[in-house]
Amino acid sequence: MTFETMPFARAMNAGLRRAMEENPRVMLMGEDIGKLGGVFRVTEHLQRDFGENRVLDTPLAEAGIVGSAIGLAMAGFRPVVEIQFDGFVFPAFDQITTQLAKLTNRHEGTISMPVVIRIPYGGHIGAIEHHQESPEAYFAHTPGLRVVSPSTPNDAYWMIQDAIASDDPVIFMEPKSRYWQKGEVDTDHRAAPLHASRVIRGGSDITLVGHGAMVSVLLQAASIAEGEGISCEVIDVRSLSPIDYDPIIDSVRSTGRMVWAQEAPGATSVGGEIASTVAERAFYSLEAPVMRVSGYDVPFPPAKLESFYLPDADRVLEAVDRALAF
Amino acid sequence: MTFETMPFARAMNAGLRRAMEENPRVMLMGEDIGKLGGVFRVTEHLQRDFGENRVLDTPLAEAGIVGSAIGLAMAGFRPVVEIQFDGFVFPAFDQITTQLAKLTNRHEGTISMPVVIRIPYGGHIGAIEHHQESPEAYFAHTPGLRVVSPSTPNDAYWMIQDAIASDDPVIFMEPKSRYWQKGEVDTDHRAAPLHASRVIRGGSDITLVGHGAMVSVLLQAASIAEGEGISCEVIDVRSLSPIDYDPIIDSVRSTGRMVWAQEAPGATSVGGEIASTVAERAFYSLEAPVMRVSGYDVPFPPAKLESFYLPDADRVLEAVDRALAF
Amino acid sequence: MRILEPDGSFAPTPEAEPLREIVEALDESALEQMYRDMAVTRAFDQQATMLQRQGQLALWPPSLGQEAAQVGSARAARSQDTIFPSYREHAVARVRGVDPVSILALMRSATHGGWDPTDPKNGNTRLYTLVLGTQVPHATGFAMGLNFDGRTGSGDAEKDEAVVVYYGDGAASEGDVHEAMVFAASYSTPELFFLQNNQWAISVPVATQAAGPLANRSAGYGIPTLRIDGNDVLASYAASRMYLDEARAGGGPRAIEAVTYRMGAHTTSDDPTKYRTKAEEESWARRDPIARMRAFLENRGAGSEFFADVDQEGEALAADVRTRIAEWPDPDPASMFAHVYSEPHALMEQQAAWLAEYEASFEGGAA
Amino acid sequence: MRILEPDGSFAPTPEAEPLREIVEALDESALEQMYRDMAVTRAFDQQATMLQRQGQLALWPPSLGQEAAQVGSARAARSQDTIFPSYREHAVARVRGVDPVSILALMRSATHGGWDPTDPKNGNTRLYTLVLGTQVPHATGFAMGLNFDGRTGSGDAEKDEAVVVYYGDGAASEGDVHEAMVFAASYSTPELFFLQNNQWAISVPVATQAAGPLANRSAGYGIPTLRIDGNDVLASYAASRMYLDEARAGGGPRAIEAVTYRMGAHTTSDDPTKYRTKAEEESWARRDPIARMRAFLENRGAGSEFFADVDQEGEALAADVRTRIAEWPDPDPASMFAHVYSEPHALMEQQAAWLAEYEASFEGGAA
Ligand SMILES: Cc1ncc(C[n+]2csc(CCOP(=O)(O)OP(=O)(O)O)c2C)c(N)n1
Ligand SMILES: Cc1ncc(C[n+]2csc(CCOP(=O)(O)OP(=O)(O)O)c2C)c(N)n1
Ligand SMILES: [Mg+2]
Ligand SMILES: [Mg+2]
């Protein structure tokens with residue numbers, strides 16, 4: 001077995017590199033991903049090692065990037081697109097929703113659309129407007145897309161490879177605040193399947209569920225709660241479309257309570273989807289409504305306020321308390 | 001009192017006309033809305049009567065339309081934009097989400113953004129791809145926008161005026177299949193407030209909730225159910241952002257059961273938001289989970305299949321049965 | 001740039017001189033084929049309009065009047081080329097081998113696609129695209145791929161591949177078209193941007209989209225551009241041939257603005273009397289592309305048997321698609337779930353199963 | 001188009017001849033003011049970079065090297081004009097009256113705005129915009145409004161309003177810029193598109209965005225365009241003055257490509273050594289816009305007291321913003337909810353109340 005400790009961004013880089021080595025049709029596209037190696041250095045050295053035809057510093061036009069990636073997929077390539085920051089995916093939104101997501105269906109299966117769109121997302125980095133958002137709900141609502149988000153270096157390494165191997169378009173949400181977080185990567189054994197949710201800490205009183213950067217917040221909440229005698233089960237949902245409900249439902253059936261946490265604004269979001277489906281499937285087991293913790297329904301605030309905006313362990317614990325008191 | 005019977009589209013037209021008469025800063029923009037009067041004739045004769053500076057046949061570029069509407073709002077106008085069909089709003093998505101929705105906030109309140117974006121939406125008209133979609137979830141998730149949808153000519157007449165009078169951006173979703181449906185318009189008395197949900201049929205066994213074209217489906221289901229001895233309360237939610245929950249919660253507290261119906265795909269949609277919030281606020285009253293009826297999580301199918309895709313009274317009743325059997 | 005005068009006389013304008021050779025290489029049968037393509041497509045198109053009136057189609061966007069622009073460019077493309085149409089390129093699709101009834105099936109809304117662009121019989125014709133302009137960056141990306149794969153630029157015109165993308169004067173305003181040109185210029189793609197300026201985007205005249213010639217815009221990106229008489233099939237052919245061969249030889253992208261006219265309504269849902277004059281329509285009727293080519297061929301001695309044969313082919317095609325579309329089966333409801341994804345997807349399986357069971361519950365009267 | 005040589009000598013190129021009059025109308029104090037604007041902004045800019053290093057700012061995008069393009073155009077704009085900046089127009093903002101500390105507050109991420117564009121003291125300077133290109137259609141729409149309201153085109157240059165919109169060579173690739181030009185040409189807006197081609201979009205050279213001069217693009221829409229030496233403040237002033245006055249007189253939109261150089265990093269997060277050479281940087285250092293204007297003024301006899309005074313003003317501004325930004329208060333958490341909507345909104349009230357109560361629960365130690 002080969003274990004290596006590396007930061008999340010390096011694990012992404014290693015996963016991309018391996019995918020490019022294993023399949024010559026894999027290519028990367030985006031702004032500043034070549035010479036610079038991406039503003040987060042996720043693609044560092046890949047242009048140097050694979051050349052300018054496989055790692056493209058594109059013109060600055062997101063619809064053009066995704067639109068030409070679609071054309072490249074039609075020509076048999078497997079493009080992996082980097083969107084520089086979450087807030088800059090919207091110029092490409094038409095190409096993503098009306099084209100990328102629908103082309104396989106429109107072609108009645110005669111072509112597939114193996115395009116990955118990588119989006120560094122979320123807060124905690126103290127940046128200016130448009131650089132700290134969590135737009136996953138827009139994609140999770142769109143039929144034809146798959147949406148996933150790794151929370152650890154090992155998942156980053158494997159999930160990016162699985163996303164690239166998928167014949168469907170995958171929106172790959174990278175919790176950018178975790179890029180520098182180190183973890184062990186097992187380069188020999190695949191992680192859980194791309195769309196599997198995973199129980200990452202066992203517990204009996206309440207189930208905590210989230211994805212991306214929220215996962216470590218949930219773990220932190222769980223260990224604080226433990227000190228107070230509350231046993232939390234923690235689930236990393238990993239995939240937001242499709243959502244792997246079984247482990248969540250199983251857990252809620254045994255704990256009877258659940259808290260969901262996300263950075264995105266709450267209204268009409270993934271949280272509502274999960275809470276209402278859990279309520280439907282575990283109706284008689286629930287001793288309290290599923291509590292949702294989220295960003296407020298406001299634009300992501302100036303970074304000086306992000307600690308008030310972003311759910312932290314305290315906010316999660318407040319919801320745990322409400323659920324337990326119900 | 002002045003009651004007039006007219007089709008929905010005519011009521012829209014009359015509402016727009018009145019808003020333009022009452023406020024010279026109101027102007028209309030869109031593709032084919034001038035000479036042609038819009039592909040659904042909602043703006044018929046308005047260019048003739050108000051001139052080319054107040055009713056603009058714009059170039060064919062949705063980001064340009066919404067972007068320039070924003071600039072016009074900054075110059076003190078109140079632009080009302082028509083998007084020709086639901087499926088063509090996405091090229092404007094960046095301007096809507098990163099600009100229109102956020103500009104008041106970015107300006108810390110020193111400017112407002114009184115822009116209305118009218119979107120004829122939904123199915124039932126047998127059209128080709130991109131012409132029958134229900135994109136409301138994308139907007140309901142976006143802080144800074146208001147999202148409403150009238151279901152009757154009277155609401156159409158008043159809600160468009162209220163939307164135009166609002167200093168905030170309003171996404172105005174027009175159930176296009178209802179354009180030809182006639183109803184009474186009371187031109188003297190304002191309808192319920194723009195963001196109020198409304199009980200439109202009393203009942204005691206179960207609460208049916210929806211918006212736009214679904215409302216008449218719910219009423220139809222309610223009257224079939226009545227024949228089977230089931231008493232349905234029907235609520236037209238009218239506003240999807242913000243959502244006026246009180247009448248819904250009151251109703252569910254008394255019926256103990258609820259069905260939500262929408263045309264949009266179910267995943268991460270308004271239905272999940274409403275179901276989870278109702279589950280939270282009426283936890284002890286619910287005798288069954290909130291049942292959600294929706295379009296499937298697929299692209300809107302070829303029209304030859306739309307009757308299978310779109311929720312109809314039977315699908316609503318199937319959910320009613322499930323709720324009652326719980 | 002023009003080669004045939006509206007009356008059919010052969011009179012290349014000065015800018016057409018470099019193209020003379022290309023035109024002169026066309027033999028009688030090639031010239032007749034272009035006429036045939038145009039006339040048969042028109043018969044099909046008129047049949048389709050009738051089928052829409054009869055309720056067989058949801059909608060029909062006629063190609064009426066644009067046959068020369070379409071046939072010239074489609075015949076100029078080589079068999080290895082790939083075509084990205086918009087939604088009105090019926091003549092192009094037919095020339096490339098697409099069964100015209102597939103276009104009817106699309107406009108019947110019995111399918112969102114209609115044909116398989118990867119099946120060689122369809123001549124590398126990609127699907128129609130309804131969201132204006134979105135196909136243009138696809139074409140550019142595809143052409144970038146040709147470069148990366150060395151499928152172009154070798155100097156062998158019989159093998160080197162290129163791409164033609166069609167779009168309209170209205171679509172030209174969309175940001176996607178601009179971004180596609182930025183990419184095309186940047187990656188020096190083997191690609192022809194073929195703009196049919198048919199004067200109208202539904203009810204909006206081209207003057208609203210552009211203050212000057214649209215051809216100037218593509219030129220602004222450094223993309224060599226020709227503005228041609230789009231109702232002259234020989235001009236369309238020659239310009240497209242030259243530019244496509246330049247592009248495939250490694251010369252980078254090229255653009256053509258074909259000035260033509262949408263002689264009919266935008267679609268069967270449209271009423272052009274609301275926004276344009278009879279006089280305008282009549283002036284363009286005098287420049288009908290099919291009449292022009294017919295006069296040219298007649299001047300060269302084509303006989304009435306030829307024209308009768310073409311008419312008959314048109315009628316036969318019309319009759320054939322009429323029959324076949326009337327019998328067109330509705331799609332299976334389960335097909336809604338079949339191709340949303342290429343790989344298995346939990347929701348698709350659940351929802352397909354639910355629908356099947358639900359539908360079954362109605363059989364035998366139980367609800 | 002150039003008026004001052006890099007060494008500061010006055011030597012209008014032939015294309016600059018029509019602008020001679022505009023330049024010659026500038027008196028000594030106006031010329032000195034331009035130098036002062038540039039030099040003081042640079043002092044501010046360098047202070048800001050330091051403040052970022054000290055942790056006072058989240059990020060800083062320097063205007064270093066682009067002062068001439070910015071000051072010339074900003075001084076050319078008349079007081080009634082409205083400015084739509086991108087995010088690097090520090091010299092423009094300062095010239096128009098915006099308190100520079102507001103820009104620091106924005107880059108501190110203590111606010112998403114920074115100033116009130118409707119307050120006359122800010123010289124009709126709209127807010128910075130971070131999503132590339134999105135401000136360009138706003139400018140066009142605003143200019144359309146000037147037309148509709150008759151606030152322009154009367155022939156009185158002292159009253160007629162116009163709009164200047166700034167964007168970069170990278171942003172020029174975005175579809176929004178194209179659509180804005182389509183609208184501008186269509187509605188004949190009183191608007192100047194001012195492109196600062198500083199050669200780089202972060203690490204991507206302008207050659208990736210455009211095969212030829214970017215100026216050709218705007219020209220392709222029928223928008224008269226000048227390509228100028230962007231490091232020559234007089235060229236920027238004269239071209240902008242002429243074009244803005246033509247636009248305000250009813251001539252329709254105009255465009256300028258100012259060829260300049262981003263002498264520093266893209267932002268304080270960037271490391272240009274990864275993608276460009278020292279030699280390139282040095283060659284542009286020799287074309288520094290401030291040195292050029294200084295040499296010009298020195299040739300005309302400006303004395304060392306003047307330059308000392310300017311330096312002192314720069315130092316004073318730097319000291320002032322350093323003090324004020326260090327004392328900058330964090331925003332009140334409740335402000336998150338205050339301006340999302342202009343009108344009351346149920347969710348805002350609920351969530352603000354919830355947060356207040358939640359925060360209060362920590363006071364006094366209770367959790
Ligand atoms: C993005 C988008 N916006 C609007 C429409 C609706 N629409 C369909 S065709 C059309 C006019 C297109 O004009 P043009 O590009 O000139 O093509 P033509 O119809 O003349 O062939 C419009 C507005 C659309 N299909 N896509
Ligand atoms: C839509 C969008 N995409 C990407 C970015 C990230 N980004 C910020 S600045 C920049 C480069 C901009 O280059 P240019 O327009 O030339 O302006 P300059 O920075 O040189 O002044 C990029 C890619 C963004 N802000 N907006
Ligand atoms: Mg057209
Ligand atoms: Mg630049």
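Atom set for the values below is all heavy atoms of this structure, side chains included, hydrogens, waters and symmetry mates excluded. Sequence lines set the chain letters: A, B, ... in the order given, protein chains first and strands last, and positions in each chain run from 1.
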Heavy-atom distances under 4.5 Å only: say whether [X] touches chain B with side chain, backbone, both or neither.
{"X": "A:Glu129", "value": "side chain"}
{"X": "A:Val290", "value": "backbone"}
{"X": "A:Ser241", "value": "neither"}
{"X": "A:Gln95", "value": "neither"}
{"X": "A:Arg281", "value": "neither"}
{"X": "A:Leu286", "value": "both"}

**Complete:** Counting heavy-atom pairs under 4.5 angstrom with chain B, the leader among A:Ser276, A:Gly87, A:Pro302 is A:Ser276
**Item:** Option in A:Ile274, A:Asn105, A:Leu240 with maximal non-hydrogen atom pairs under 4.5 Å from chain B
**Value:** A:Asn105
**Request:** Check the pair B:Glu136 / A:Thr268 against side chain to side chain contact (heavy atoms under 4.5 Å, CB included), numbers first and verdict last.
**Result:** CA-CA 10 Å; B:Glu136 64 270 18; A:Thr268 304; over 6 Å; no
**Message:** Quick one, A:His141 and B:His141 - any side-chain contact, counting heavy atoms below 4.5 Å?
**Reply:** no
**Message:** Does any part of the side chain of A:Phe93, heavy atoms only, come nearer than 4.5 Å to the side chain of B:Thr97, both counted from C-beta?
**Reply:** no
Nearest heavy-atom neighbours spanning [X] and [Y]:
{"X": "B:Glu273", "Y": "A:Ser269", "answer": "OE1-N, 4.2 Å"}
{"X": "A:Ala279", "Y": "B:Pro289", "answer": "O-CB, 3.8 Å"}
{"X": "B:Pro143", "Y": "A:Pro265", "answer": "CG-CG, 3.8 Å"}

With respect to chain A, which residue among [options] yields the maximal number of heavy-atom pairs within a distance under 4.5 Å?
{"options": "B:Pro242, B:Ala137, B:Ala275, B:Pro135", "value": "B:Ala137"}
{"options": "B:Gly266, B:Ala267, B:Ala140", "value": "B:Ala267"}
{"options": "B:Ile96, B:Thr277, B:Val278", "value": "B:Thr277"}
{"options": "B:Ala92, B:Ala288, B:Gly144", "value": "B:Ala288"}

**Message:** For A:Phe90 together with B:Phe90, are the ring centres under 6.0 Å from each other?
**Reply:** no
**Request:** Can you tell which part of B:Phe88 gets under 4.5 Å to a heavy atom of chain A, answering side chain, backbone, both or neither?
**Result:** neither
**Message:** Whether the B:Tyr138 and A:Thr142 side chains hold a donor-acceptor pair (N or O, under 3.5 Å, no angle test) is what I'd like checked.
**Reply:** yes
**Request:** Would you please test A:His130 and B:Lys102 for side chain to side chain contact (heavy atoms under 4.5 Å, CB included) and show each step?
**Result:** CA-CA 10 Å; A:His130 309 292; B:Lys102 290 181 169 175; 3.9 Å; yes
